[in-house]
Protein chains: 2
Amino acid sequence: MSLTHAPAGAVRQGSLRELNLALVLGRIATADRPPSRADLATATGLTRATVSAVVEDLLAGRLVSESDPAPRSGAGRPARGLVLADQGPAGLGLEVNVDYLAVCVVDLAGQVRHRTVHRADLRPVAPADALARLVEMAGAAREDAARHGLTLVGAALAVPGLVDDAGLVRLAPNLGWRDVPVPALLAEHPPLIEQVPGVPALVVDNEANLAALGELHSQPPGPSSFLHISGEVGIGAGIVLDGALFRGVRGWSGEIGHLPVHPEGRPCRCGGQGCLEQYAGQEAIVTAAGLARAELPADTATARLAELAEAGDADALRALHDAGTALGVAVAGVVNLLDLDTVVLGGGYAALAPWLCPPVLAEIGARVLTAAWSPVTVRPSTLGAEAAAVGAAGSVVRRIVAQPAGWLARAG
Amino acid sequence: MSLTHAPAGAVRQGSLRELNLALVLGRIATADRPPSRADLATATGLTRATVSAVVEDLLAGRLVSESDPAPRSGAGRPARGLVLADQGPAGLGLEVNVDYLAVCVVDLAGQVRHRTVHRADLRPVAPADALARLVEMAGAAREDAARHGLTLVGAALAVPGLVDDAGLVRLAPNLGWRDVPVPALLAEHPPLIEQVPGVPALVVDNEANLAALGELHSQPPGPSSFLHISGEVGIGAGIVLDGALFRGVRGWSGEIGHLPVHPEGRPCRCGGQGCLEQYAGQEAIVTAAGLARAELPADTATARLAELAEAGDADALRALHDAGTALGVAVAGVVNLLDLDTVVLGGGYAALAPWLCPPVLAEIGARVLTAAWSPVTVRPSTLGAEAAAVGAAGSVVRRIVAQPAGWLARAG
DNA sequence: GCTATTTGTTCAGCGATTGAATTATTTGCC
DNA sequence: GGCAAATAATTCAATCGCTGAACAAATAGC
């Protein structure tokens, strides 16, 4: 039932303006060329009078600005193009991963305006210390952002593990974290965020989820429903349905790493048998390729593997083919279940995509009933290594775009 | 991003009333006791003045009526309870299945007001003839409905197969249908439906999807996210997320029958190997239990199997245990992927649930990473055999409840 | 019979959208 | 160069629907 879903609560007089602010701003955000007020009127169905009034609010709140290059040329008064402001609210993205810390700032338009990566093995570091380092990096990011006229209105932290609604990291096995109360630990540091109604100061979420969100909002815009697979030590998936991340009942969706691909196969640390992770996880691939994994950190191992495959190393090629086949079995199951037409390989898989895609596609072709009518695209992620941090920061500014009324109420 | 999703288009002056009509009517529909106007005001956040105006519209359009038993007793003016009208718009549910045709009428409140089942082997019957019989049954249903003051405002047809957006049945393997243009075939018969803006006259959908919708709207209300598995000859699943059926990019989601449970196992007609259907499909179970399947139609075979299991027949019990284990492997994968907390066994599985649930739960417990923190419920469907027809009819009236403005515009 | 209490309605006020008229600014043609 | 056509954006009275407060209705308890 694809009904236009109504707002949850009461629709008051003022909601009308709130909804139309969001409608117009969203249109400006997704347009490929800066639209004029007249363009917006025809696109949204509102009258030009209303659009003018709404745009005036947005201009006053510095969420949009008028662009110099006119969107049209020809007879008639020239239109004034509207673009998202390159100053004003911005999102702070944070990421703790096994071998790096990342911080970035993304503006309203989705541009990455600041980026810092600190490479280090985080496994021996206590959570509180890791977060303290991250806060230090974030402080520098905030100052840099302020110099560009950007105000941080919210932060999102990506963690490779299970996170509950309150931001408690239940389990991040590869990081060695268990029951880490991130919000409480971060509350001990001076706040970097200017609170805005409707935008949570801090969201903690799974790295795979946030990387998928980053992919969703990357340029050029891709499909609105897809599966994003982050192949790290574990294998996580972010499921994007109709332009929204699907989190599951408790926010623990996407545990694709424990789909069974050989039900009577190798035992897995999850307690099951033959889980995907045992055949297509980073350690499994590296080991199968004959690389002594202990000598290398995860990202270097992946790069080395790509080098070997490039050079035609038989062991590497076979390891990648086997991993791709296992991945394909799992992905085919997901596609059968959810009827998705796009699968994005992210994280460590992105660099290995040239060798993983063919066997994945082969399994999809063999196992997906509907593949004959509708082809499935499998492609590497367009975002770089710290996709989750970018997606995290992007998720903050998307809230401003989706609910501009909160920011405008603040800005006066 | 669980933002309150705004309406897709422009929010005009009149949309406000439309949205609040839907809000108030939805509240009346989901309340456990007939709410008063005052109850609705506090529940929705609207003022009592607005609620009174909205309710007046709903009463005038005969979508709700005032109930006799007052919702409250005590000091103060007695409240007048509001309930969904038992006259007015109703939905027509149709179902073509392998061994029966079913027609039913469901009123606004979700009550089944008419029900006809015609048992026959439909495999040798041409699609046009099967639909003609269904139309005949529907005509009688319409007359019966009219006698109760019900007007049919839309129809939904459940088919055990893949259906595209236009209502074309691409493939219904167990029925022997391929590329059947249902809307065109039904257009040759006189219309039974009174057109209402916003309500499609005919929707054709997968039987598993509509059965899941029926479960969603069954009384008492259950969870808003769950997996509904219809175990017939094939195995289909309806995925309900946040109170809405998830259809996938092309409407072909839920093909759980082809999740791999033994990737190097038996070949499947889909082209893959070791698909769930080969281990937990009705034929597989019946054969494994030692019943000669040819002698029995599908529903009788299931009943017989339940009898044997009840009597302690070792072969039947083993067959059910093995099928349940295979089903559990697949369900565990789905739960890992989507983080659902409820699985409903419907269709042929409903009657076999006492024997299927334990092995399914065992596999979930062993393979689902998060099962330790959040238990998963596995239970049989509460609806009867023709759940899809009831769900189909229910999906029609749900549209009226979700968008009452269309009906009100018609009724004046 | 009076008061407290709760329900539901009435009504002036107001915010936001609408549609038509008006102003603003350019291109192209004579 | 000047004028008409075309397109963009604004202004303004009218209207729709929600709000808040006052008011009328109806009952229980004392």
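Protein chains get the first letters and strands the later ones, always in sequence-line order, with residue 1 at the start of each. Predicted model only: the values in this text are computed from it and were never measured.
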Task: N/O (side chain, B:Thr47) to phosphate O (OP1/OP2, D:dG20) under 4.0 Å - done: no
TODO: Would you kindly give the CZ-to-C1' distance between B:Arg80 and D:dA25, to the nearest whole Å?
DONE: 10 Å
- [ ] Apply side-chain contact (heavy atoms from CB on, under 4.5 Å) to A:Ala145 and list each qualifying residue two or more places apart in sequence or on a separate chain.
- [x] A:Val105, A:Leu150, A:Leu152
Open item on the list: Let's see if you get this right: which residues in residues 27-35 of chain B place a heavy atom under 4.0 Å from DNA chain C?
Closed with: none
Going by atom type alone, with no hydrogens or angles, which donor-acceptor pairs under 3.5 Å involve a side-chain atom of residues 83-93 of chain A and a protein atom two or more places apart or on another chain?
none

What nitrogen or oxygen pairs link the protein and nucleotides 14-17 of chain D at under 3.5 Å?
residue, atom, partner, partner atom, Å
D:dC16, O2, B:Gln13, OE1, 3.2
D:dG17, N2, A:Gln13, NE2, 2.8
D:dG17, N3, A:Gln13, NE2, 3.2

Open item on the list: Using every non-hydrogen atom in the two residues, find where B:Gly26 and B:Val401 come nearest and quote the distance to one decimal.
Closed with: CA-CG1, 4.1 Å
Task: Non-neighbouring partners of B:Asp164 that pass side-chain contact (heavy atoms from CB on, under 4.5 Å), sequence neighbours left out - done: B:Ala166, B:Leu168, B:Arg170, B:Trp252
- [ ] Classify the side chain of A:Arg77 and the base of D:dA8 as holding, or not holding, a donor-acceptor pair under 3.5 Å.
- [x] yes
Task: Backbone of A:Phe246 reached by a side-chain donor or acceptor of A:Ser253 within 3.5 Å - done: yes
TODO: With sequence neighbours excluded, tell me which residues meet salt bridge (charged side-chain N to carboxylate O under 4.0 Å, His left out) with A:Glu56.
DONE: none
Task: Interface limits on DNA chain C, where chain B has a heavy atom under 4.0 Å of a nucleotide atom - done: C:dT5 to C:dT18
Task: Pair B:Arg250 + A:Asp341, salt bridge at N-O below 4.0 Å - done: yes
- [ ] Scan A:Ser52 against the nucleic acid and name what it touches under 4.0 Å (heavy atoms): base, sugar-phosphate only, or nothing.
- [x] base
- [ ] Report the distance from atom CG of B:Leu63 to atom CG of B:Leu82, rounding to the nearest 0.5 Å.
- [x] 12.0 Å
Task: Integer-rounded Å distance: D:dT11 C1' and A:Arg48 CZ - done: 13 Å
TODO: Pick base, sugar-phosphate or nothing for A:Ala49, based on heavy-atom distances below 4.0 Å to the nucleic acid.
DONE: base
- [ ] Name all pairs fulfilling the salt bridge (charged side-chain N to carboxylate O under 4.0 Å, His left out) condition that reach into residues 15-29 of chain B, sequence neighbours left out, sorted by first residue then second.
- [x] B:Arg17-B:Asp57
- [ ] Map every base of DNA chain C to its dot-bracket character, where paired means a Watson-Crick or G-U wobble contact with both distances under 3.5 Å and | marks a partner outside the strand.
- [x] ||||||||||||||||||||||||||||||
TODO: Mind checking side-chain contact (heavy atoms from CB on, under 4.5 Å) for B:Ala41 and listing every partner two or more places apart, or none if nothing turns up?
DONE: B:Arg48, B:Val51
- [ ] Report yes if the side chains of A:Val199 and A:Val396 come closer than 4.5 Å at any heavy-atom pair, otherwise no.
- [x] yes
Open item on the list: According to salt bridge (charged side-chain N to carboxylate O under 4.0 Å, His left out), who are the partners of B:Arg62, at least two apart in sequence or on a separate chain?
Closed with: none
Open item on the list: Taking side chain to side chain donor-acceptor pair (under 3.5 Å) as the cut-off, I'd like each qualifying pair that reaches into residues 194-205 of chain A, sequence neighbours left out, listed once.
Closed with: A:Glu194-A:Arg410, A:Asp205-A:Asn209, A:Asp205-A:Arg247
